[in-house]
Every structure is written in C-alpha cells, then in structure tokens.
Amino acid sequence: MRVIRESSREAVDRAVFEEFCAALRRRPAGVIGLATGGTFSAFFARIAQAVAAGELEMGEVRATHLDEYLGFDHDQRGGMVHELTSLCPPLRQMLDEDRFWPVPASGDAGAVQEHEQRLAEVGGVDIQFLGIGRNGHIGFNEPGTSFDLGFHRVHLAPTTRADARDRFAPDEPPYEAVTAGPKSILKARRIVLSAVGAAKAPAVRAMLEGPIDPQCPASCVRYHADSVVYLDPEAAAELGESAAAMS
Ligand code: GLP
C-alpha cells in the first residue's frame with residue numbers, strides 16, 4: 001500500500017480524478033467501482049464537467065458502486081444511486097443504458113448473487129474508489145464485519161446514521177443498507193482510498209497504524225497489493241513517522 005500525503009483537499013481531488021482518467025486509458029471497456037459521500041462530490045462534478053466539455057470520453061466503460069440503503073429506488077432522495085446520478089449526469093445516462101450497475105437495494109440473496117456474477121463475468125472491478133467512515137468503515141462495512149464477507153445486508157452503526165442525518169432531514173436516516181463486503185472490495189485490481197478533513201484523522205490512523213482487524217474495516221485494504229491512499233493534511237494529522245515514510 002502506498003500512502004500519499006497531498007498538500008490540500010484540492011490536490012486529493014486532482015489525484016483521484018487522475019486515477020479515474022488513468023483507469024479509463026488502461027481499460028476503456030473496464031469496470032469502475034465508485035464510492036459516495038462528501039469526499040467524492042468534487043470528483044463527480046469534475047467528471048461531469050470534463051464530459052460536458054468534451055475533454056473526457058466515457059466510451060465503453062461500465063460502472064458500479066459500493067452500497068445502497070435497503071429498499072431504496074434509484075431516484076429516492078438520500079440514496080446512493082440518486083446521489084451519483086444527480087452529481088454526475090453521465091452516470092444517469094449509463095444507468096439508462098444499463099452500463100451503470102447499482103447494488104441490488106433489495107438485499108435479496110438471488111439479486112445479490114446475480115450482481116456479483118455479472119461483475120465476475122466482465123472480469124471484475126478494475127479500480128475501486130473508497131472513502132472511509134469516522135468509525136473506520138468502508139462501504140457500509142461497520143466495525144466487527146468479517147473480512148470474508150461478500151455483498152451483504154447490514155445494520156448501520158449509530159455514527160454512520162448520525163453522519164447521514166443531514167441528507168435525510170427532516171426524515172430519519174435508514175437503519176439498514178446493502179454493501180459490498182471486504183471480500184468483494186479486495187477483489188478489485190486497484191484500490192484508491194481517499195480521506196479528507198480532521199474528522200477522519202483517527203480512522204486514518206487506525207487504518208494505517210493499528211492492527212489489521214475487523215474492528216477497523218478499512219485496515220483490510222493493507223492486504224491489497226495495488227492500493228493507494230490519498231490524504232489531505234487534516235486527515236493525515238494523527239499519523240506517525242512510519243506512515244510518513246510510506247509516502
Ligand atoms: C458513507 C458511505 C461510505 C463513505 C462514507 C464517508 O457511509 N457508505 O462509502 O466512504 O460515507 O462519507 P464522506 O465522504 O461523506 O465522509
């Protein structure tokens with residue numbers, strides 16, 4: 001795993017966008033695994049802008065993503081597919097053309113199996129983007145999740161629901177979701193995790209300097225041979241010298 005300490009949040013956004021462009025160049029008909037959340041909002045806006053300006057061609061690429069709230073429709077406010085397609089109209093078009101494959105929000109075993117099979121049949125995910133939760137989660141894999149789990153249904157942790165409160169207000173955030181498990185995430189050929197802001201500093205430290213343990217789900221990314229972590233100064237603030245040396 002490489003850890004890259006960028007000089008600013010904008011530099012992280014640039015690096016992540018470059019990763020995306022490089023993945024498109026490497027395999028124009030490949031599969032991109034997207035992540036949601038504030039960490040990636042500038043990234044999606046940038047993709048949309050580049051496509052609209054004719055600077056970026058999505059070509060034959062396929063997209064999928066990490067997680068969805070249980071039972072959510074693609075157009076449901078607060079949902080992950082709604083977030084992705086609203087922030088990035090090219091993804092809306094890909095969804096309409098069946099080139100963006102959402103996580104089956106029903107959590108139904110058959111649908112989940114079909115989704116995993118579809119990804120496997122096209123050669124798996126080429127690059128998986130990841131954020132990290134304050135509690136060290138990736139996707140919706142909350143602390144304590146076995147690294148052996150594939151796609152599965154989850155109960156959201158109180159911190160996760162608290163962080164999701166704004167996107168659902170005045171309604172309550174959901175209690176359950178469907179997520180790619182650590183096992184599915186680690187199958188991607190390359191993993192790009194990014195974290196920005198001081199709220200993520202303790203989770204980043206646990207991920208990089210703590211034990212590789214389900215108590216910090218993001219620590220499983222250290223098992224992956226081709227993984228890179230981009231941090232802004234605030235998210236890297238609690239790292240010791242060893243992580244600095246990894247840069
Ligand atoms: C949600 C998503 C995660 C994401 C995390 C961080 O919980 N399920 O995939 O990484 O939020 O979100 P943010 O970037 O808004 O901090």
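Counting convention: from 1, in listed order, for ligands and their atoms alike.
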Ring centroid separation for [X] and [Y], is it under 6.0 angstrom?
{"X": "His155", "Y": "Tyr175", "result": "no"}
{"X": "His65", "Y": "Phe100", "result": "yes"}
{"X": "Phe20", "Y": "Phe44", "result": "no"}

Original post:
Which residue, Arg62, Arg189, Arg99, forms the side chain to side chain contact (heavy atoms under 4.5 Å, CB included) with Val31?
Top reply: Arg62
Subject >> Sole candidate of Val192, Leu66, Leu34 that passes side chain to side chain contact (heavy atoms under 4.5 Å, CB included) when paired with Gln128 >> reply: Leu66
Can you confirm, on distance only, whether ligand 1 has an N/O atom lying under 3.5 Å from any N/O atom belonging to [X]?
{"X": "Gly38", "value": "yes"}
{"X": "Thr36", "value": "no"}
{"X": "Leu130", "value": "no"}

**OP:** Tell me, please: is Ala35 in heavy-atom contact with ligand 1, that is, under 4.0 Å?
**Re:** no
Original post:
Hey, mind stepping through Phe129 and Tyr230 against ring pair (Phe, Tyr, Trp, His ring centres under 6.0 Å) and telling me if it holds?
Top reply: CA-CA 11 Å; Phe129 292 94; Tyr230 292 104; 9.4 Å; no
Name the closest protein heavy atom to [atom], giving the residue it belongs to and the distance to 0.1 Å.
{"atom": "atom 3 (C) of ligand 1", "answer": "Gly139 O, 3.5 Å"}
{"atom": "atom 11 (O) of ligand 1", "answer": "His137 NE2, 3.9 Å"}
{"atom": "atom 12 (O) of ligand 1", "answer": "Gly37 CA, 3.9 Å"}
{"atom": "atom 14 (O) of ligand 1", "answer": "Thr39 OG1, 2.4 Å"}
{"atom": "atom 16 (O) of ligand 1", "answer": "Lys200 NZ, 2.6 Å"}

**OP:** Anything under 30° is parallel, anything over 60° is perpendicular, the rest tilted; go ahead and classify Phe140 against Tyr69.
**Re:** tilted
**OP:** Examine distances only and state if a side-chain atom of Arg77 and a backbone atom of Arg167 form a donor-acceptor pair shorter than 3.5 Å.
**Re:** yes
Original post:
Counting heavy atoms only, which part of Asp67 comes closer than 4.0 Å to ligand 1: side chain, backbone, both or neither?
Top reply: side chain
**OP:** Indicate, as side chain, backbone, both or neither, the part of Ile132 found under 4.0 angstrom from ligand 1 when only non-hydrogen atoms are considered.
**Re:** backbone
Subject >> Proximal ligand 1 atoms for Gly131, defined as those under 4.0 Å from one of its heavy atoms >> reply: 10 (O)
